[in-house]
Amino acid sequence: GAVVSQHPSWVICKSGTSVKIECRSLDFQATTMFWYRQFPKQSLMLMATSNEGSKATYEQGVEKDKFLINHASLTLSTLTVTSAHPEDSSFYICSASGLAGLNEQFFGPGTRLTVL
Amino acid sequence: QKEVEQDPGPLSVPEGAIVSLNCTYSNSAFQYFMWYRQYSRKGPELLMYTYSSGNKEDGRFTAQVDKSSKYISLFIRDSQPSDSATYLCAMSGGGNNRLAFGKGNQVVVIP
């Protein structure tokens with residue numbers, strides 16, 4: 001149980017385009033989903049927290065207009081990187097937690113974004 | 001002082017050895033303690049989840065939490081080459097479920 005999927009697993013795009021990443025909880029209802037960014041050989045950096053049906057809470061320094069998060073259902077959250085630039089290239093990982101264990105987070109496999 | 005301290009130094013051990021990892025923390029509100037394993041270019045995988053102080057064992061893995069010392073440990077017995085990965089400690093508490101992560105320990109088990 002507690003499987004989280006992400007799609008796509010990797011994406012290459014041109015500078016200035018927008019990219020959408022999907023995060024799905026496959027076998028449980030995720031009341032809260034988190035989006036992280038991870039640079040090589042570094043730990044995870046929390047970008048934002050989203051609760052189903054409400055606006056996401058962004059961490060300090062994360063541009064909400066650039067990283068659009070939608071958590072429309074209990075099994076799906078999306079992160080859209082708008083007008084992507086090379087500095088946005090990174091490994092993006094989502095996690096989800098549900099009613100059964102609010103402090104347990106289950107992570108997706110990650111999405112590697114490369115902006116040319 | 002960072003909320004969670006984890007010495008990121010790579011750790012190499014021979015196959016069959018015991019791997020010992022630890023983290024310290026400063027926030028006394030933390031009550032939930034986790035260890036994640038992350039393989040290269042993959043998302044973290046939850047290994048152990050512990051509430052409050054005590055020990056928890058799952059197969060070759062043992063997690064220990066000492067809240068009085070603000071110190072948590074993970075032990076891997078009979079280590080295998082497939083255990084080679086980065087191990088991240090994480091914790092939460094104090095009314096929200098945001099995780100505070102350590103930097104991660106890269107472990108290499110040499111056959």
Side-chain angles (χ1 to χ4, degrees), chain A residues 1-10 21 23-26 28 30-51 56-60 62 89-114, chain B residues 2-11 21 23-25 27 29-52 56 58 63 65 67 72 84-108:
Chain A
V3 178
V4 177
S5 71
Q6 267 182 256
H7 179 79
S9 55
W10 60 269
I21 303 169
C23 176
R24 293 181 185 272
S25 57
L26 298 185
F28 69 103
T31 51
T32 306
M33 286 186 168
F34 303 83
W35 286 95
Y36 294 85
R37 188 172 177 176
Q38 187 176 35
F39 292 103
K41 298 190 183 296
Q42 293 191 25
S43 192
L44 288 79
M45 182 188 80
L46 180 65
M47 298 174 66
T49 302
S50 74
N51 293 296
T57 302
Y58 289 81
E59 295 298 300
Q60 193 173 10
V62 177
S89 299
S90 190
F91 194 49
Y92 292 88
I93 311 174
C94 72
S95 71
S97 65
L99 287 171
L102 287 175
N103 288 282
E104 284 181 273
Q105 289 185 28
F106 299 95
F107 285 81
T111 297
R112 184 159 301 281
L113 170 63
T114 301
Chain B
K2 283 189 169 236
E3 268 194 315
V4 181
E5 299 276 3
Q6 182 178 11
D7 183 355
L11 181 65
L21 305 170
C23 290
T24 58
Y25 63 95
N27 188 344
F30 288 148
Q31 297 181 77
Y32 303 92
F33 304 92
M34 287 138 274
W35 285 95
Y36 287 89
R37 177 175 63 195
Q38 186 176 23
Y39 292 111
S40 182
R41 298 175 183 267
K42 301 288 185 186
E45 171 195 5
L46 181 62
L47 270 183
M48 301 291 281
Y49 173 81
T50 311
Y51 171 69
S52 197
K56 186 173 184 178
D58 183 2
V65 175
K67 287 190 70 180
I72 70 170
S84 299
T86 295
Y87 291 81
L88 297 139
C89 64
M91 46 201 80
S92 67
N96 70 74
N97 54 357
R98 291 171 74 250
L99 288 180
F101 280 94
K103 283 188 176 181
N105 258 131
Q106 185 180 1
V107 172
V108 177

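Small disclaimer: the values here were computed from a predicted structure and weren't measured. Residue numbers begin at 1 in each chain, while the letters A, B, ... track the order of the sequences.
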**Request:** Step through the shown structure and confirm whether more than 12 heavy atoms of other residues, nucleotides or ligands are within 6.0 Å of NZ on B:Lys42.
**Result:**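 At most 12 heavy atoms, drawn from other residues, nucleotides or ligands, come within 6.0 Å of this atom.
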**Request:** Could you have a look at A:Pro109, A:Ser9, A:Cys94 and say which one has the most heavy-atom pairs with chain B under 4.5 angstrom?
**Result:**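 Highest number of heavy-atom pairs under 4.5 Å: A:Pro109.
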**Prompt:** Is B:Thr86 close to A:Lys41 at the side-chain level, that is, under 4.5 Å between some pair of heavy atoms?
**Reply:**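 Side chain of A:Lys41 against side chain of B:Thr86, heavy atoms only: no contact under 4.5 Å found.
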**Prompt:** Is A:Phe34 close to B:Leu99 at the side-chain level, that is, under 4.5 Å between some pair of heavy atoms?
**Reply:**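 Not in contact.
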**Prompt:** Quick one: what part of B:Gln31 sits under 4.5 Å from any heavy atom of chain A, side chain, backbone, both or neither?
**Reply:**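 No part of it gets close to chain A.
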**Asked** What part of A:Gln38 lies closer than 4.5 angstrom to a heavy atom of chain B: side chain, backbone, both or neither?
**Response**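 For A:Gln38, the contact with chain B is made by the side chain alone.
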**Message:** Taking every non-hydrogen pair under 4.5 Å, which of B:Ala90, B:Pro44, B:Ser40 racks up the most with chain A?
**Reply:**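 Top option by heavy-atom pairs under 4.5 Å: B:Pro44.
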**Item:** Partner chain A: residue of B:Arg41, B:Glu45, B:Gln106 with the largest heavy-atom pair count (under 4.5 Å)
**Value:**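 Ranked by contacts with chain A, first place is B:Arg41.
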**Prompt:** Which heavy atom of B:Ala100 sits nearest a heavy atom of B:Glu3, and at what distance?
**Reply:**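 Here B:Ala100 and B:Glu3 meet closest at CB-OE1, 3.6 Å.
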**Message:** Please give me the minimum heavy-atom distance between A:Ser89 and A:Phe39, naming the atom from each residue.
**Reply:**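 Heavy-atom minimum between the residues: O-CE2, 4.1 Å.
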